[in-house]
Amino acid sequence: MPIQSKLPHIGTTIFTVMSKLATDESAINLSQGFPGFGADPILLELVGNYTREGYNQYAPMAGISELRTALAEKTRITQGYYPSPEHEVTIVSGATEAIFCAVSALVRKDDEVIVLEPAYDSYEPAITLNGGIPVYVSLNSADFSVDWEKVKSAITSKTRAIMVNSPHNPSGFVWSQSDLDTLEELIRDREIYVISDEVYEHITFDGLRHLSLGGHSGLRNRSFVCGSFGKTFHVTGWKIGYCIAPAALTVEFRKVHQYVTFSTVTPIQYALAEYLKISDRYLSIPGFYQKKRDLFAEGLAETGLKLISSHGSFFQLASYGHLSQKSDRILAVEMTKILKVACIPISVFYSNQQDDKIIRFCFAKTDQQLLEAIKRLGELNKIL
Ligand code: PMP
Ligand code: GLN
C-alpha cells in the first residue's frame with residue numbers, strides 16, 4: 001500500500017545519480033565530492049590498532065571525551081576559542097547528521113528558515129521534515145557572495161534560523177569577517193539561530209582563513225557549527241563529524257542525536273583523537289588542495305569554459321553559456337557518456353532548478369586523474 005510521501009518532490013540525490021552514471025560509463029568521476037586518493041596510512045593504522053585492541057562497543061552518546069577534547073583544542077588553535085568538551089562538543093555520524101539534528105532540535109511547525117542558494121541538498125528536506133518552511137535567498141550570481149539586503153528583507157517574525165555554508169559548496173566562496181559581522185548585526189535583537197555548515201573548514205586558498213561562526217563572539221551563542229572529519233582527512237566513507245554549540249543548544253541537539261543514531265563508530269573516534277594531536281595534519285591541508293585547484297583550473301581554462309574563482313572547498317565551477325545553450329543536466333550527462341568525465345549540473349542546487357549554464361567539478365583527485373580529465377575536456381566542442 002503506497003504511503004503518502006512526506007517528501008513528494010524529492011528523488012535520488014544528484015550525487016548518487018551522477019556517480020552511478022560515471023561508474024556505468026567508466027568515466028573519470030569529478031561529480032560527487034569525495035577524494036580520489038587515500039588517507040594518511042598512519043590514520044588507517046590507528047583505526048586498525050583500536051579495532052584489534054577491542055574498542056568495538058558503543059561509544060558514549062556524545063562521543064568519547066578524548067576526541068571531544070582534541071576537537072576543542074583544534075578549535076582553539078584554528079579559531080581562537082575553546083569550546084567545553086563536556087557541554088559544547090558532540091561527535092556525530094557525519095555533518096549530514098549534525099545538520100539534521102540541529103534543524104530537528106530547532107525548527108518547529110511553520111518556522112521559517114533562511115536558505116542561501118545555490119544550497120547543499122540536505123538542508124531543505126531536513127527543514128521540511130520538521131514542518132519548517134525554507135525561505136530562499138539567492139547568492140549574487142557573479143561570485144556567489146551574500147546579498148545582505150536580500151537576507152534582511154527575507155527576515156520575518158517567523159524566522160527561526162539561517163543556514164550558513166562557508167567555504168561554500170558548490171561555489172567555493174569563502175565568507176569574510178564583514179559577512180560574519182553583518183549577519184550578527186541583522187539577527188542581534190532577534191531570536192534567530194544559525195546552523196553553520198563548515199565541512200570545508202580546512203580547505204581554503206590564497207591565504208584566506210576560514211572564519212568559524214563559533215569564533216565570532218556575537219554569533220557563537222546562537223550557532224550550531226557542523227563539521228566533518230571525512231572531508232578533512234580524505235575519508236568521506238567513515239561518516240564521522242561533529243557539532244559545536246553552546247551548552248543550552250547542545251542539550252537540545254543531543255536529545256535528537258541520541259535517538260537518531262545514539263552514538264558514533266568507536267574505534268575511529270579513538271584513532272581521530274590521537275591523530276588530531278599533531279596540528280600540522282590539518283594545518284597543511286590548504287596547501288595540498290591549493291596545488292590541485294591550480295593544476296585543474298589552469299588546464300580547465302584552456303578548454304574554453306569560463307571559470308568562477310574557487311577560494312575554498314574542493315570544487316571548481318565553470319560556466320559555458322557563451323558556448324552553448326544546452327541545459328546543464330543534459331550537458332553533464334553527455335560529458336559523462338561521450339567525453340567520459342562526470343560533473344554536477346548546478347541547477348540542482350536551486351529550489352526552482354534555475355539553469356545558469358554552470359557545472360561543478362570536484363578536484364579532490366590524483367594529479368593524474370585531473371590531467372586526464374582536462375585532456376578529455378579538450379574535446380568539449382563535441383558536445384556543445
Ligand atoms: N555539507 C556540505 C556542504 C557537503 O558538501 C557535505 C559533503 N558531502 C556535507 C555537508 C556532508 O558531510 P558528511 O559526509 O560528513 O555527512
Ligand atoms: N557533499 C558531496 C558533494 O557535494 C556529496 C555527498 C553526498 O553524496 N551526499 O558532492
Side-chain angles (χ1 to χ4, degrees), residues 12-23 27-39 93-100 116-125 139 144 163-174 196-205 210 226-241 282 285-286 288-297 300 307-318 328-329 332 335-336 341-350 358-367 369-370 373-374 377:
T12 305
T13 81
I14 190 71
F15 308 116
T16 304
V17 170
M18 290 310 299
S19 273
K20 179 172 185 314
L21 188 64
T23 306
I28 299 176
N29 189 359
L30 306 189
S31 64
Q32 191 178 26
F34 63 88
F37 38 82
S93 301
T96 311
E97 195 220 318
I99 293 161
F100 192 85
L116 307 173
E117 61 176 3
Y120 187 59
D121 68 343
S122 83
Y123 307 158
E124 184 276 329
L139 295 168
F144 297 87
M163 311 290 305
V164 163
N165 173 214
S166 172
H168 183 242
N169 178 5
S171 73
F173 185 84
V174 175
S196 185
D197 178 349
E198 303 185 7
V199 299
Y200 300 104
E201 62 184 314
H202 292 292
I203 314 180
T204 53
F205 311 126
H210 165 65
C226 305
S228 171
F229 294 110
K231 299 286 173 188
T232 300
F233 294 127
H234 323 317
V235 287
T236 57
W238 289 3
K239 294 300 300 184
I240 179 163
Y282 46 87
I285 292 171
F288 169 78
Y289 270 119
Q290 184 164 325
K291 282 198 200 118
K292 295 205 176 286
R293 181 206 58 174
D294 291 346
L295 177 78
F296 187 62
L300 199 63
L307 306 198
I308 295 160
S309 300
S310 174
H311 302 288
S313 82
F314 45 47
F315 300 115
Q316 174 69 59
L317 292 186
D328 64 352
R329 280 172 180 264
M335 192 178 279
T336 311
V341 178
C343 64
I344 296 284
I346 285 310
S347 57
V348 301
F349 293 85
Y350 286 99
I358 301 176
I359 46 182
R360 187 197 82 176
F361 296 97
C362 170
F363 56 77
K365 303 293 158 187
T366 62
D367 291 0
Q369 286 170 312
L370 294 175
I374 288 163
L377 291 171

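As the structure is a prediction and not an experimental result, all values here were calculated from the model.
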Measure the acute angle between the ring planes of Phe205 and Phe363, then classify it against the limits of 30° and 60° as parallel, tilted or perpendicular. tilted

Nearest 0.5 Å, please: how far is CE in Met335 from CD1 in Ile359? 3.5 Å

Worked check of side chain to side chain contact (heavy atoms under 4.5 Å, CB included) between Lys365 and Phe34: CA-CA 8 Å; Lys365 303 293 158 187; Phe34 63 88; 3.7 Å; yes

Atom pair CZ/CD1 of Arg329 and Ile346 - distance to nearest 0.5 Å: 11.5 Å

Do Ile14 and Pro345 have side chains that get closer than 4.5 Å, going by heavy atoms? yes

ring-ring contact (aromatic ring centres under 6.0 Å, His included) with Phe233: which residues, sequence neighbours excluded? Tyr275

Distance flag, aromatic centroids of Phe349 and His168, threshold under 6.0 Å: no

Between Leu377 and Phe361, is there a side-chain heavy-atom distance shorter than 4.5 Å? yes

Starting at CG of Asp197, measure out to SG of Cys226 and round the result to the nearest 0.5 Å. 6.5 Å

I'd like to know if the side chain of Gln316 reaches the main chain of Ile308, judged simply by a donor and an acceptor atom lying under 3.5 Å from each other, with no hydrogens or angles considered. yes

Which label fits Tyr289 and Phe314: parallel for a plane angle under 30°, tilted from 30 to 60°, or perpendicular past 60°? tilted

What I'd like to find out is whether the side chain of Phe296 reaches to under 4.5 Å of the side chain of Ile374, using heavy atoms alone. yes

To the nearest 0.5 Å, what is the distance between CZ (Arg360) and CG (Asn169)? 4.5 Å

Beyond-backbone contact of Ile344 with Ser31, side-chain heavy atoms, under 4.5 angstrom: yes

According to the interplanar angle, ranging from 0 to 90°, do the rings of Tyr282 and His202 count as parallel (below 30°), tilted (30 to 60°) or perpendicular (above 60°)? tilted

Give the minimum heavy-atom separation between Ala332 and Met18, together with the two atoms involved. O-CE, 3.8 Å

Side chains of Asp367 and Lys291, heavy atoms from C-beta outward: is any pair under 4.5 Å? no

Is a donor on one side and an acceptor on the other found under 3.5 Å between the side chain of Thr336 and the backbone of Ala22? no

To the nearest 0.5 Å, what is the distance between CE (Met163) and CG (Leu116)? 9.5 Å

Indicate the atoms forming the closest heavy-atom contact of Gly172 with Ser313, along with that distance. CA-OG, 3.8 Å

Could you tell me whether the side chain of Leu317 reaches within less than 4.5 Å of the side chain of Phe144, counting heavy atoms only? yes

Side-chain contact test, heavy atoms from C-beta onward, threshold under 4.5 Å: evaluate it for Tyr200 versus Val174 and give yes or no. no

Is there a side-chain contact between Asp121 and Val348 (heavy atoms, below 4.5 Å)? no

Give, for atom CD of Gln290 and atom CD1 of Ile203, the distance between the pair rounded to the nearest 0.5 Å. 12.5 Å

